[in-house]
Amino acid sequence: MTLANQVVYFSEKEQTFDSIILYMDLDAFFASVEIRENPDLADKPLVVGGNPKTKQGVVSTCNYKARKYGIHSGMPISQALRLCPHLTMVRGSYKLYSDVSKSIMNIVKHYSPTMKVAGNDEAYLDLTEIVSDYEEARRLAVELKDDIFATEHLTCSIGIAPTKILAKIASETDKPDGLVVVKPLDITEFMEPLKITIIPGVGKKSAESFSKKKIYTCGDLAKLPYQLVYQKFGKYGLKTWKLVNGFNTENTENKFVSNERKSISEEKTFFNRHQKWEDIWVQIDSSIDTIIARMRVKNMSFKTITLKIRFKNFETYTRAHSLSSYNISEKLVRTVVQKLLEEFENKKPEDIRLVGIKISNLRKIDNNQKTLTQFF
DNA sequence: TCTGGGGTCCTAGGACCC
DNA sequence: TCTGGGGTCCTAGGACCC
């Protein structure tokens with residue numbers, strides 16, 4: 001299809017903003033909790049994650065002192081140590097983080113009944129029905145920050161804007177302990193100087209392809225004709241173009257509907273690498289156990305099983321099989337995984353770096369239906 | 001340089017059906 | 001001797017997020 005035939009659709013909804021959204025993000029969450037528990041760490045560059053003894057693994061979170069050295073989430077520990085040899089490392093107390101997170105989300109909940117928790121350390125609040133304007137929203141945000149600090153001694157950054165994505169971007173521009181409000185009429189001016197990578201979803205690869213067209217900031221993208229953007233970067237590019245030009249790219253009707261879980265998975269990396277097939281099967285069985293247990297707690301059933309294998313050269317394969325109907329049997333998972341694994345049985349088990357199991361195509365088990373079948 | 005773990009979403013090709 | 005078109009489901013891989 002040629003470009004001339006392509007229809008680009010701008011709806012009326014995209015031109016209107018009728019919501020006020022607050023986004024809250026806890027600052028360097030895991031690292032901040034560690035510092036709260038052990039104040040001696042406060043003045044040191046600190047990372048949570050990885051194995052301090054073997055220096056394997058990656059950075060999960062780091063404090064702002066560590067970020068000054070160029071350290072960031074996802075960076076290999078060995079590289080972080082090269083950037084900062086006197087780095088302090090802790091393994092992480094994930095149960096504690098989860099408890100603190102729950103406590104904070106409980107506080108946040110008081111500020112609006114329409115809330116969406118997005119991970120351990122972030123949440124969106126719909127303030128549309130709660131406040132009458134952006135100034136009132138700002139005052140509410142200050143209150144929320146004080147509330148969180150008084151209870152949990154942690155700081156957060158807040159963005160307020162007419163959509164979730166803009167509120168998130170707003171919060172990113174003033175960290176830590178920031179508060180940024182972007183009103184509908186200020187969107188394009190606000191976006192213009194920001195780096196294109198500030199947009200959630202624009203990662204390394206997208207930034208690279210944008211830079212080939214001399215696009216580095218949101219303003220660079222905004223200036224281009226949308227036809228060209230669509231041609232070069234496709235659907236996602238066009239959506240990004242609309243965003244930086246101040247269009248509303250969000251579906252306002254169901255923006256706070258909490259979505260059902262789509263998959264449950266577990267994967268494990270072998271670090272010592274002397275495993276035999278037996279050891280790999282021990283790991284697989286244990287993963288199947290936890291996954292099925294989690295599925296049962298959620299009262300769900302599955303249709304698709306996926307095996308993931310990564311070799312030490314980082315070559316990664318996924319093999320999936322879908323059943324003809326929904327199922328809950330762990331035995332069946334094992335049988336299917338066994339079949340899927342056959343393809344790799346001529347490989348050396350010690351060359352395997354990671355195995356993962358995933359169930360997807362999930363469906364809630366209908367309790368009414370269950371009781372009905374008891375009668376018939 | 002060495003790359004965790006739990007997720008979501010997107011793309012592209014192929015099978016199959018009407 | 002030339003093979004439509006739309007929809008749906010499945011698989012594999014990859015980008016990205018926290």
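Both backbone and side-chain heavy atoms feed into the values below; hydrogens, waters and symmetry mates do not. Below, chains carry the letters A, B, ... as their sequence lines are ordered, and counting in each starts from 1.
Taking the ring centre of A:F311 as origin, the terminal cationic atom of A:R353 falls outside the region bounded by 6.0 Å and 45° from the ring axis. With A:Y230 as the aromatic partner, A:K235 does not meet the cation-pi criteria of under 6.0 angstrom to the ring centre and within 45 degrees of the ring axis.
Ranking B:dT3, B:dT1, B:dG4 by closeness to the A:P76 side chain, first place goes to B:dT3. Listed candidates were B:dT3, B:dG5, B:dC2. Nearest to the side chain of A:K268 is B:dG5. For A:R261, taking side-chain heavy atoms from C-beta onward, the closest of the listed nucleotides B:dC2, B:dT8, B:dT3 is B:dT8.
Remark: A:L221 CG to A:E192 CD distance equals 12.0 Å, nearest 0.5 Å.
Applying the ring-ring contact (aromatic ring centres under 6.0 Å, His included) rule to A:H72 yields no partners; only residues at least two apart in sequence or on another chain are considered. Residues passing the ring-ring contact (aromatic ring centres under 6.0 Å, His included) test with A:Y97 are A:F30, A:Y94, sequence neighbours excluded. In this structure, the salt bridge (Lys or Arg N to Asp or Glu O under 4.0 Å) partners of A:K168, at least two apart in sequence or on a different chain, are A:E122.
Under 4.0 angstrom from either OP1 or OP2 of B:dG4 there lies at least one side-chain N or O belonging to A:R353.
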Under a cut-off of 3.5 Å for both distances of each Watson-Crick or G-U pair, what dot-bracket string does DNA chain B give, using [ ] for crossing pairs and | for inter-strand pairs? ....||||||||||||||

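Place A:N259 and A:V59 on DNA chain B by their nearest nucleotides, and A:V59 ends up nearer the 5' end.
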Using atom names, set out every protein N or O paired with an N or O of nucleotides 9-12 of chain C below 3.5 Å, distance rounded to 0.1 Å.
unit_1, atom_1, unit_2, atom_2, d
C:dT11, OP1, A:S322, N, 2.8
C:dT11, OP2, A:S322, OG, 2.5
C:dA12, OP2, A:A320, N, 2.5

Check: protein-nucleotides 16-18 of chain C nitrogen or oxygen pairs below 3.5 Å:
unit_1, atom_1, unit_2, atom_2, d
C:dC16, OP1, A:G203, N, 3.1
C:dC16, OP1, A:K205, N, 3.4
C:dC16, OP1, A:S206, N, 2.9
C:dC16, OP1, A:S206, OG, 2.6
C:dC16, OP2, A:K204, N, 3.3
C:dC16, OP2, A:K205, N, 2.9
C:dC17, OP1, A:G201, N, 2.8
C:dC18, OP1, A:K168, NZ, 2.6
C:dC18, O3', A:D121, OD1, 2.8
C:dC18, O3', A:E122, OE2, 3.0

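Ring geometry, A:F256 versus A:Y124: the interplanar angle exceeds 60°, so the pair is classed perpendicular (tilted spans 30 to 60°).
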